Every structure is written in C-alpha cells, then in structure tokens.
J.: 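Before I ask anything, here is the structure I am working with.
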Amino acid sequence: AQSVTQLDSQVPVFEEAPVELRCNYSSSVSVYLFWYVQYPNQGLQLLLKYLSGSTLVESINGFEAEFNKSQTSFHLRKPSVHISDTAEYFCAVSEDFGNEKLTFGTGTRLTIIP
Amino acid sequence: GAGVSQSPSNKVTEKGKDVELRCDPISGHTALYWYRQSLGQGLEFLIYFQGNSAPDKSGLPSDRFSAERTGGSVSTLTIQRTQQEDSAVYLCASSLSGQLRYGYTFGSGTRLTVV
C-alpha cells in the first residue's frame, strides 16, 4: 500500500529566503506524485506533478520539486519565498497502474515572516 | 459547471442528528472522490466513484457514513447519528476517467461542526 510522509508540520521562513518542504513516499510500484497548495480559507489547488520523464518539475509561481526514486522523495523547493506563499502544502501519491486514488500526507504549514 | 461545487459551505448540527453533504462535480468528470480534512490529520480518503462501477468504500470510518452518486453526476455524503469526532472539513473532488495524471479538482469543502 502507498503512503506519504511529510516530516515537517510547520515551517517558518523569512521573506526572500529559500525553502524546502520535505516529502517521502512508500510504494512498491511506479508512482505519480503531486503537490497541492491550500491558501487560507480556500480549497486545494494543484501546484505541480511528476508523471514520468524529467525528474525536475516546476510550477508557474517559482516552486519546483525533484523526484528521487532511490530516496523515494519528492521535496518541494523555492529559492526565494514571498508573503503570498503562506499556505498549507500537501504532498500526494498515486500508484501508476490504474488506481486513481490519491494518498495525501498530513501537510506542511508554510509561514512567511516579513 | 466550471468547478466542483459543494453545499452547504458550513453546517452546524447537534450530536445524534443526520446530515447530508452535496457535491456537484465538473461536467464530464466520471470519477468523484470524498475526503475528510481534520485539524492536523491531513486528508483522509473516504469513498471513490468511477462511472457505473461499484464504489470504493474502503475509507469510510464507520457504518454511519454512506454516499451515493445519482446519474453519474451529483453525489451526497450522509452521516447518520453524528458524533463530535465527525467535525471536519469534507472535501469533494472530481477527475476525468483514467486521467489522474492531471490531478483532481477539489471543491471548497463543507465545514461540519457537531455540537
């Protein structure tokens, strides 16, 4: 069975500093990997995803994540954060053989300090 | 519609009462999912509908929880004899069949408070 671990429940970061939100998964088969973001008082939105091909994927707002199969990780990074990045971030995994169910991590709350 | 619509957005109910939560998925999306988001718990899978197939109910926490999907579109999640531990945000999502690669589209959720 698949599972996702987000090691940090809360991450405070100063504005314009870099950030890394960690995600590790457990699965015995190939996977699809996702990061979702939930801004305050809003629903979940897809931030970026890894399906196949290049292991480095990027979002339109400067975040990137790298799929590392040997370490079973999909950490989310941004070189310089902004106040508007304050949100909760969820990592999710789905096994790549017809199972359409996403398994989510417990989330990481990113707080940007001015 | 343009997005996944959930109603009501907020629901306060007394312990022991039954509640119904509604989800209207994106038109054409054949897959529909219910998740529960509790404080500090992340998203917990509840149930998954795909077309006319039997739903995957493996995530329902007890027999007080049930869901149906009429006509392959609108879905209702019913919680009978609500308990305080049922308090959470209930999220609905939909996706194109076989197109999980594009991720789910989530609704804004129903915040359920059991008092």
Side-chain angles (χ1 to χ4, degrees), chain A residues 1-10 21-25 27 29-53 57 59-60 65 67 74 87-109, chain B residues 1-7 9-10 21 23-26 29-51 53-60 67 88-111:
Chain A
Q2 60 205 30
S3 66
V4 179
T5 301
Q6 291 183 249
L7 296 170
D8 306 303
S9 59
Q10 297 189 57
L21 306 183
R22 295 179 292 171
C23 172
N24 289 87
Y25 70 91
S27 176
V29 298
S30 298
V31 296
Y32 294 153
L33 293 157
F34 302 80
W35 276 98
Y36 280 82
V37 59
Q38 188 174 32
Y39 296 105
N41 301 313
Q42 295 187 30
L44 275 84
Q45 303 172 35
L46 180 64
L47 184 62
L48 48 74
K49 60 185 182 285
Y50 168 78
L51 306 175
S52 63
V57 292
S59 72
I60 58 173
F67 170 54
F74 191 54
E88 188 145 20
Y89 293 80
F90 293 91
C91 183
V93 63
S94 178
E95 292 175 340
D96 179 21
F97 65 105
N99 180 344
E100 295 195 15
K101 189 166 63 182
L102 279 178
T103 298
F104 286 84
T106 51
T108 298
R109 184 172 298 279
Chain B
V4 177
S5 178
Q6 291 189 246
S7 61
S9 55
N10 281 284
L21 312 179
C23 172
D24 198 343
I26 291 174
H29 280 193
T30 58
L32 185 148
Y33 314 80
W34 284 97
Y35 282 80
R36 179 167 70 175
Q37 185 178 18
S38 305
L39 192 62
Q41 298 289 320
L43 277 78
E44 175 189 8
F45 167 76
L46 297 177
I47 187 169
Y48 158 47
F49 296 89
Q50 168 55 9
S53 302
D56 176 353
K57 303 180 182 180
S58 60
L60 294 178
V89 177
Y90 288 82
L91 294 168
C92 176
S94 69
S95 72
L96 289 169
S97 173
Q99 299 296 322
L100 179 62
R101 57 182 57 240
Y102 299 115
Y104 299 167
T105 300
F106 279 90
S108 297
T110 294
R111 182 176 298 277

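Predicted, not measured: the structure shown is a model, and the values here were computed from it. We name chains A, B, ... by the order of the sequence lines, and we start the count at 1 in each one.
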J.: Could you check whether any side-chain N or O of Q45(A) sits under 3.5 Å from a backbone N or O of T105(B), counting only pairs where one atom can act as donor and the other as acceptor?
T.: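 Not at all, since once roles are kept as given, no pair shorter than 3.5 Å links the two residues.
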J.: Decide whether a cation-pi geometry holds between K101(A) and F45(B); the criteria are a distance under 6.0 Å from NZ or CZ to the six-membered ring centre and an angle within 45° of the ring axis.
T.: yes
J.: Taking side chain as everything from C-beta outward and backbone as N, CA, C, O, which of these in Q37(B) sits under 4.5 Å from a heavy atom of chain A? Side chain, backbone, both or neither.
T.: side chain
J.: Could you tell me which residues satisfy side-chain hydrogen bond (donor to acceptor under 3.5 Å, both in side chains) with T103(A), sequence neighbours excluded, listed by chain and number?
T.: Q2(A)
J.: Name the region of Q38(A), side chain, backbone, both or neither, that has any atom closer than 4.5 Å to a heavy atom of chain B.
T.: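 Looking at Q38(A), just its side chain touches chain B.
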J.: How are the rings of Y36(A) and F106(B) set relative to one another: parallel (under 30°), tilted (30 to 60°) or perpendicular (over 60°)?
T.: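 If you compare the ring of Y36(A) with that of F106(B), the planes turn out perpendicular.
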J.: Is it the backbone or the side chain of S58(B) that comes under 4.5 Å from a heavy atom of chain A, or both, or neither?
T.: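 It is the side chain, since no backbone atom gets that close.
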